[in-house]
2 protein chains.
Amino acid sequence: MSEAAPASTSKSERAYSAIKAHILEGDYSPGYRLVLAKIGEELGVSAVPVREAIRRLEAEGLVTFERNVGATVASIDPVQYLYTMQTLSIVEGAATALSAPLIGAADVARAREVNERMRECLKHFDPVRFTRLNQDFHSVLFEHCPNPHILDLVHRGWNRLGSLRSSTFRFVPGRAHESVEEHEAILRLIETGADADTIEKAARRHRSATLDAYLAQAPSLPQPTPALH
Amino acid sequence: MSEAAPASTSKSERAYSAIKAHILEGDYSPGYRLVLAKIGEELGVSAVPVREAIRRLEAEGLVTFERNVGATVASIDPVQYLYTMQTLSIVEGAATALSAPLIGAADVARAREVNERMRECLKHFDPVRFTRLNQDFHSVLFEHCPNPHILDLVHRGWNRLGSLRSSTFRFVPGRAHESVEEHEAILRLIETGADADTIEKAARRHRSATLDAYLAQAPSLPQPTPALH
DNA sequence: ATGCATAATTTCGTATACGATTTTGTATTG
DNA sequence: CAATACAAAATCGTATACGAAATTATGCAT
């Protein structure tokens with residue numbers, strides 16, 4: 001990777017992006033200690049902007065921070081995973097329902113094409129690619145979302161899941177197949193102009209079904225609350 | 001106000017809390033320019049921790065920040081207000097529905113008492129106190145919320161509304177009365193163990209009705225999207 | 001007076017330095 | 001050997017300093 005654009009963005013901004021990217025790529029895995037001076041050296045900046053970047057990432061839930069001790073990449077224990085998936089179920093449901101009236105036939109076609117590629121991934125068992133396509137699929141649905149705040153919440157949820165994003169598909173074999181079918185069902189609802197409530201519930205269910213599949217694998221979890229369906 | 005605890009918390013932490021408090025109290029009103037050095041002097045710290053605090057507040061949506069120009073207290077233009085209210089409608093709806101099964105008779109009684117005090121506020125027309133009690137009411141509902149992420153989203157929404165929080169009640173006379181009645185209705189739904197979907201819709205409606213009342217007053221707004229009911 | 005170029009001022013952005021705090025390592029003692 | 005006490009190292013937290021960028025003020029020409 002080249003040293004890239006030396007100008008135009010501030011160093012704290014570059015540090016923020018770089019660290020975030022490293023976390024999301026998995027270069028810095030959960031629990032990794034983010035030492036200010038060390039990261040600064042890696043990025044060719046001093047500790048001050050790194051510290052600022054890290055605290056911003058803390059506010060997004062990507063790192064945890066302890067006074068006089070330092071920062072570590074936030075790890076997603078099962079309980080946090082549950083909270084995040086449940087929250088995503090709600091905000092994705094809302095985002096889908098709000099977007100639906102604005103999704104045209106061309107968008108549906110595009111989403112369907114992505115979904116077909118996901119279907120192919122199932123044959124070769126490629127969880128990484130599958131996960132990336134999955135995100136593309138939902139991005140197509142949400143790109144017309146009329147409420148940027150809600151979209152932001154969706155992205156924050158995705159970020160928080162981070163590198164775990166594909167784990168359910170990896171560990172719960174059948175789920176990926178179901179997921180593709182649910183995508184198709186959601187597209188049909190949008191095409192036929194189903195009412196917002198129906199679409200919202202389908203989108204919610206799509207996410208919470210993934211959570212349920214995970215919980216079925218990890219029965220030790222608190223199962224703290226009945227999901228909203 | 002005394003100089004207070006000189007130890008135990010870091011300066012960046014104190015700056016963060018102090019600035020946030022000033023924004024929420026209205027000492028720094030929307031649009032106010034947050035000059036690093038000036039605020040640092042006010043708080044008795046240098047610019048570095050102030051900058052860090054401000055960027056954290058930016059991540060929460062309380063201030064806006066522009067490269068090489070500085071930070072200003074985020075102002076809530078009508079469109080942002082709409083986005084935020086719509087988002088709140090959704091997350092408060094979910095928070096209420098998730099909390100409902102965990103709300104006991106004692107909590108309901110407490111909430112009802114708060115609501116009665118709100119009813120009294122209507123007679124003396126005290127929007128500030130009314131708004132504070134309104135928040136108390138919802139805090140009672142949410143204090144058992146099993147998903148802290150969702151609760152966090154509710155609080156972020158409240159913070160974003162900031163000083164505008166009471167404006168609807170101030171400007172749309174009838175709305176406050178309606179609001180009190182809706183509170184009572186929600187309490188009854190919780191008491192009688194209504195299903196999650198019913199409770200969620202009532203809570204959503206409670207918030208989006210306030211938004212509708214506001215939009216009716218400001219008809220110039222884009223009315224960008226049909227609400228989720 | 002108006003518009004533009006340029007200088008002065010303000011404010012940001014970050015490297016450096018150093019004290020404060022925590023962690024780690026080592027030695028001493030029961 | 002385990003536990004405690006203390007020393008050394010690592011790391012954080014922030015004040016200070018100074019260059020960079022943007023904003024504001026000034027002066028000149030039309």
Side-chain angles (χ1 to χ4, degrees), chain A residues 3-23 27-75, chain B residues 3-23 27-75:
Chain A
E3 276 303 305
S8 112
T9 55
S10 69
K11 296 191 176 181
S12 90
E13 205 63 44
R14 272 190 293 149
Y16 170 81
S17 307
I19 298 170
K20 186 168 182 172
H22 278 142
I23 293 175
D27 304 339
Y28 298 158
S29 25
Y32 184 81
R33 272 202 80 199
L34 300 167
V35 178
L36 300 184
K38 183 148 157 282
I39 294 188
E41 195 166 16
E42 282 175 25
L43 300 174
V45 304
S46 82
V48 176
V50 172
R51 183 187 157 94
E52 178 183 306
I54 282 177
R55 296 223 65 166
R56 283 212 282 155
L57 291 167
E58 182 200 12
E60 289 184 34
L62 285 175
V63 312
T64 59
F65 193 87
E66 201 180 347
R67 162 100 203 250
N68 273 324
V69 172
T72 60
V73 176
S75 54
Chain B
E3 277 302 305
S8 109
T9 54
S10 69
K11 296 190 176 183
S12 91
E13 206 63 44
R14 272 189 294 151
Y16 170 82
S17 307
I19 298 170
K20 183 168 184 173
H22 277 144
I23 293 174
D27 303 341
Y28 297 158
S29 23
Y32 184 80
R33 271 202 79 197
L34 299 168
V35 178
L36 299 184
K38 183 150 157 281
I39 294 189
E41 196 167 14
E42 283 174 25
L43 299 174
V45 304
S46 82
V48 176
V50 173
R51 182 186 157 95
E52 178 183 305
I54 283 177
R55 296 223 68 165
R56 283 212 282 156
L57 290 167
E58 184 201 12
E60 291 184 35
L62 285 174
V63 313
T64 59
F65 193 88
E66 202 180 345
R67 162 100 202 252
N68 272 323
V69 172
T72 60
V73 176
S75 56

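Here is the naming used below: chain letters follow the sequence lines, and residue numbers restart at 1 for every chain.
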Inset, instruction - Rounded off to whole Å, could you give me the CG-to-P distance for the A:Leu36 and C:dT22 pair? - result: 16 Å
Inset, instruction - Please lay out, stage by stage, how A:Glu13 and B:Arg67 fare under the test salt bridge (Lys or Arg N to Asp or Glu O under 4.0 Å). - result: CA-CA 10 Å; A:Glu13 205 63 44; B:Arg67 162 100 202 252; over 6 Å; no
Legend entry - Nucleotide C:dT11, atom P - distance to NZ of B:Lys38 in whole Å: 9 Å
Legend entry - Other residues, nucleotides, ligands: >12 heavy atoms within 6.0 Å of A:Glu41 CD: no
Legend entry - Sugar-phosphate only, base, or nothing, as touched by B:Ile54 at under 4.0 Å among non-hydrogen atoms: nothing
Inset, instruction - Just jot down the ring pair (Phe, Tyr, Trp, His ring centres under 6.0 Å) partners of A:Tyr32, sequence neighbours excluded, or say none. - result: A:Tyr28
Look for any protein N or O under 3.5 Å of an N or O in nucleotides 14-23 of chain D and output each such pair with its distance, or none.
unit_1, atom_1, unit_2, atom_2, d
D:dT14, OP1, B:Lys11, N, 2.3
D:dT14, OP1, B:Ser12, N, 3.4
D:dA15, OP1, B:Lys11, NZ, 2.9
D:dA15, OP2, B:Ser46, N, 2.4
D:dA15, OP2, B:Ser46, OG, 2.2
D:dA21, O3', B:Asn68, ND2, 3.4

Legend entry - Close side-chain approach of A:Ile19 to A:Leu43, heavy-atom, < 4.5 Å: yes
Legend entry - Closest contact, heavy atoms only, A:Ser12 versus B:Arg55: OG-NH1, 3.4 Å
Inset, instruction - Give, for atom CG of A:Leu34 and atom CD1 of A:Ile23, the distance between the pair rounded to the nearest 0.5 Å. - result: 6.0 Å
Inset, instruction - Starting from C1' on C:dT10, measure out to CG on B:Leu34 and report it in whole angstrom. - result: 16 Å
